Amino acid sequence: MEMNILNQERKMNILIISGFLGSGKTTLLAQIIKKNQNKKIAILMNELGGFNIDSKILGEETPYNELLNGCICCDLKSDVAIQINDLYHRHHPELIIIEATGVAHPVEIYDACTEPTVTKIAQVLNITTILDCSRFLDRNKFSYTVKHLMEEQVKYAHVVILNKMDLVTEDEQQQIIQQVTDLNPKAKQIQTTYCALDTAQLEYYGAHIDAHNHMHHGIQSIVYEFSGAIDARQFVEWLRTLPDEILRIKGFIKFRENPTQVVLFQYAYGIPQYEEEMMNLPLKLVIIGEQLNKEKLLNQLDLLQFG
Ligand SMILES: Nc1nc2c(ncn2[C@@H]2O[C@H](COP(=O)(O)OP(=O)(O)OP(=O)(O)O)[C@@H](O)[C@H]2O)c(=O)[nH]1
């Protein structure tokens with residue numbers, strides 16, 4: 001799947017809402033639903049807590065599915081595809097909003113949305129991260145892991161909402177704008193209190209999207225399909241050349257050494273994994289990364305395929 005904002009194929013859009021615990025994700029969701037009553041929106045909620053969103057926020061009109069007892073980016077990743085398909089077949093929404101738990105990593109959520117059964121029917125519109133501004137400014141008080149996660153949520157967002165502006169001074173407002181810019185200069189920043197915003201600013205629907213600004217930053221993905229087996233040694237060599245911007249690769253390959261065996265290939269944080277796959281699946285690779293040099297990658301993959 002490519003981050004095709006224009007949605008020419010009329011696929012469902014997926015909006016990923018990320019943000020640390022208590023930053024305002026549910027508040028934003030409520031705003032979006034309230035202001036877009038004429039749109040068919042469905043929610044995929046990954047709550048660890050027991051808040052009754054059903055009646056309090058969404059109303060009875062908005063379909064939602066839940067991912068329970070775990071975090072979307074750890075143990076529930078494969079459930080995401082199942083739930084998205086379920087929402088699609090039962091409700092045919094224009095937009096699915098995924099509200100992840102506050103501790104979810106945006107790349108993992110995006111990754112979950114690149115399953116072939118999802119890309120057939122939907123595409124990620126953007127990752128919107130919400131910040132509790134004063135908490136974000138105080139992030140050095142948290143453990144390294146928490147601080148790192150808060151920064152990663154900003155780093156990989158296409159849109160960053162600087163929320164709870166009412167709780168910070170003007171001086172602090174300037175500091176946070178600068179810090180977010182330093183972490184992710186290309187993200188669109190929106191300052192809010194109680195997530196009050198014109199929801200069109202989040203650029204939900206294709207017609208409102210400025211494709212040029214959004215095609216070239218943030219997380220993107222490309223899909224490549226091999227027509228047959230490739231050379232294992234060349235493939236490993238290619239992996240060694242990959243830049244840090246490549247965050248994930250996954251898919252199915254066959255190697256010439258054993259051309260009938262389909263291999264499930266996964267690559268994360270520079271580490272490849274190979275598993276024998278029993279089914280004969282299409283030989284597609286999904287590559288996820290930042291600022292992907294698509295043309296170069298496709299050329300390299302062509303060389304693997306035909307070289
Ligand atoms: N003062 C202030 N409070 C806010 C603002 N936005 C949200 N809140 C409050 O902050 C609390 C957390 O907001 P939620 O929308 O539930 O945050 P969340 O990110 O969904 O929280 P989790 O689901 O726990 O991760 C609620 O009590 C909100 O009413 C804001 O701009 N200013």
Side-chain angles (χ1 to χ4, degrees), residues 16-29 44-51 53 66-80 98-113 126-169 171-187 189-195 217-219 244-248 266-271 273 288-290:
I16 297 170
I17 297 185
S18 131
F20 201 66
L21 299 165
S23 53
K25 297 181 294 299
T26 312
T27 309
L28 177 68
L29 202 51
L44 185 51
M45 184 76 85
N46 179 209
E47 280 274 43
L48 294 173
F51 187 58
I53 49 160
E66 279 177 295
L67 295 158
L68 295 169
N69 304 320
C71 175
I72 216 168
C73 84
C74 314
D75 30 20
L76 296 178
K77 229 162 160 178
S78 56
D79 284 6
V80 174
I98 301 182
E99 185 195 334
T101 66
V103 292
H105 191 294
V107 175
E108 308 294 342
I109 309 167
Y110 184 93
D111 188 7
C113 296
N126 71 53
I127 298 172
T128 292
T129 290
I130 312 183
L131 299 184
D132 173 334
C133 287
S134 59
R135 186 176 267 194
F136 191 76
L137 284 172
D138 275 350
R139 65 193 181 285
N140 282 328
K141 291 185 184 157
F142 294 97
S143 69
Y144 171 78
T145 315
V146 168
K147 178 184 169 227
H148 183 65
L149 175 68
M150 287 167 129
E151 291 180 348
E152 295 272 288
Q153 288 179 339
V154 170
K155 198 172 153 199
Y156 293 111
H158 303 93
V159 178
V160 180
I161 298 181
L162 312 182
N163 190 38
K164 305 203 185 182
M165 275 291 178
D166 56 323
L167 301 179
V168 291
T169 62
D171 189 39
E172 288 169 329
Q173 286 182 16
Q174 293 314 312
Q175 284 179 40
I176 189 147
I177 291 167
Q178 189 54 52
Q179 291 183 13
V180 169
T181 307
D182 289 346
L183 282 165
N184 185 346
K186 301 223 171 113
Q189 294 186 26
I190 305 172
Q191 297 164 34
T192 62
T193 291
Y194 285 98
C195 299
H217 79 274
I219 300 176
D244 290 346
E245 286 76 26
I246 308 273
L247 301 165
R248 287 276 185 291
Q266 308 227 46
Y267 172 92
Y269 305 106
I271 299 167
Q273 272 186 343
I288 300 174
E290 281 183 285

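This is a predicted model, so every value here is computed, not measured.
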[X] side, atom [atom1]; [Y] side, atom [atom2] - distance, nearest 0.5 Å:
X	Y	atom1	atom2	value
Leu44	Asp79	CG	CG	9.5 Å
Ile16	Tyr110	CD1	OH	8.0 Å
Thr129	Ile161	OG1	CD1	9.0 Å
Leu167	Ser134	CG	OG	5.5 Å
Lys25	Ile98	NZ	CD1	14.0 Å
Glu151	Asn184	CD	CG	12.0 Å

Smallest separation among heavy atoms of [X] and [Y], with atom names:
X	Y	answer
Tyr194	Asn163	N-OD1, 3.3 Å
Asp132	Gly22	OD2-O, 4.2 Å
Phe136	Val180	CE2-CG2, 4.5 Å
Pro106	Glu152	CG-O, 3.9 Å
Ile288	Asp111	CD1-OD1, 3.5 Å
Ile130	Gly24	CD1-O, 3.5 Å

Which residues satisfy the side-chain contact (heavy atoms from CB on, under 4.5 Å) test with Ile177, sequence neighbours excluded?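 In terms of side-chain contact (heavy atoms from CB on, under 4.5 Å), with neighbours along the sequence ignored, Ile177 is linked to Leu162, Gln174, Thr181, Gln189, Gln191.
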side-chain contact (heavy atoms from CB on, under 4.5 Å) partners of Asp171, counting only residues at least two apart: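 For Asp171, the residues satisfying side-chain contact (heavy atoms from CB on, under 4.5 Å) (neighbours in sequence not counted) are Thr169, Gln175.
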Go through Cys133 and Met165 one step at a time and tell me if the side chain to side chain contact (heavy atoms under 4.5 Å, CB included) criterion holds. CA-CA 7 Å; Cys133 287; Met165 275 291 178; 4.1 Å; yes
Does the Gln153 side chain pair with the main chain of His105, one donor and one acceptor, at a distance under 3.5 Å?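 Absent.
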Any donor and acceptor pair, going by atom type alone, linking the side chain of His158 with main-chain N or O of Asn126 inside 3.5 Å?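 Answer holds: no.
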What I'd like to find out is whether the side chain of Leu131 reaches to under 4.5 Å of the side chain of Lys164, using heavy atoms alone.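 Side-chain contact under 4.5 Å: no.
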With a 4.5 Å limit on heavy-atom distance, are the side chains of Val168 and Ile176 in contact?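 No; the side chains remain at least 4.5 Å from each other.
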Contacts of [X] that satisfy side-chain hydrogen bond (donor to acceptor under 3.5 Å, both in side chains) - sequence neighbours left out:
X	result
Thr193	none
Asp244	none
Gln273	none
Ser23	none

Could you list the donor-acceptor pairs under 3.5 angstrom formed between side-chain atoms of residues 141-150 and any protein atom two or more places apart in sequence or on another chain?
residue: Lys141; atom: NZ; partner: Asp138; partner atom: OD2; Å: 3.4
residue: Ser143; atom: OG; partner: Val146; partner atom: N; Å: 3.3
residue: Lys147; atom: NZ; partner: Asn140; partner atom: OD1; Å: 3.3

Can Glu99 and Thr26 be said to form a side chain to side chain donor-acceptor pair (under 3.5 Å), step by step? CA-CA 8 Å; Glu99 185 195 334; Thr26 312; 3.2 Å; yes
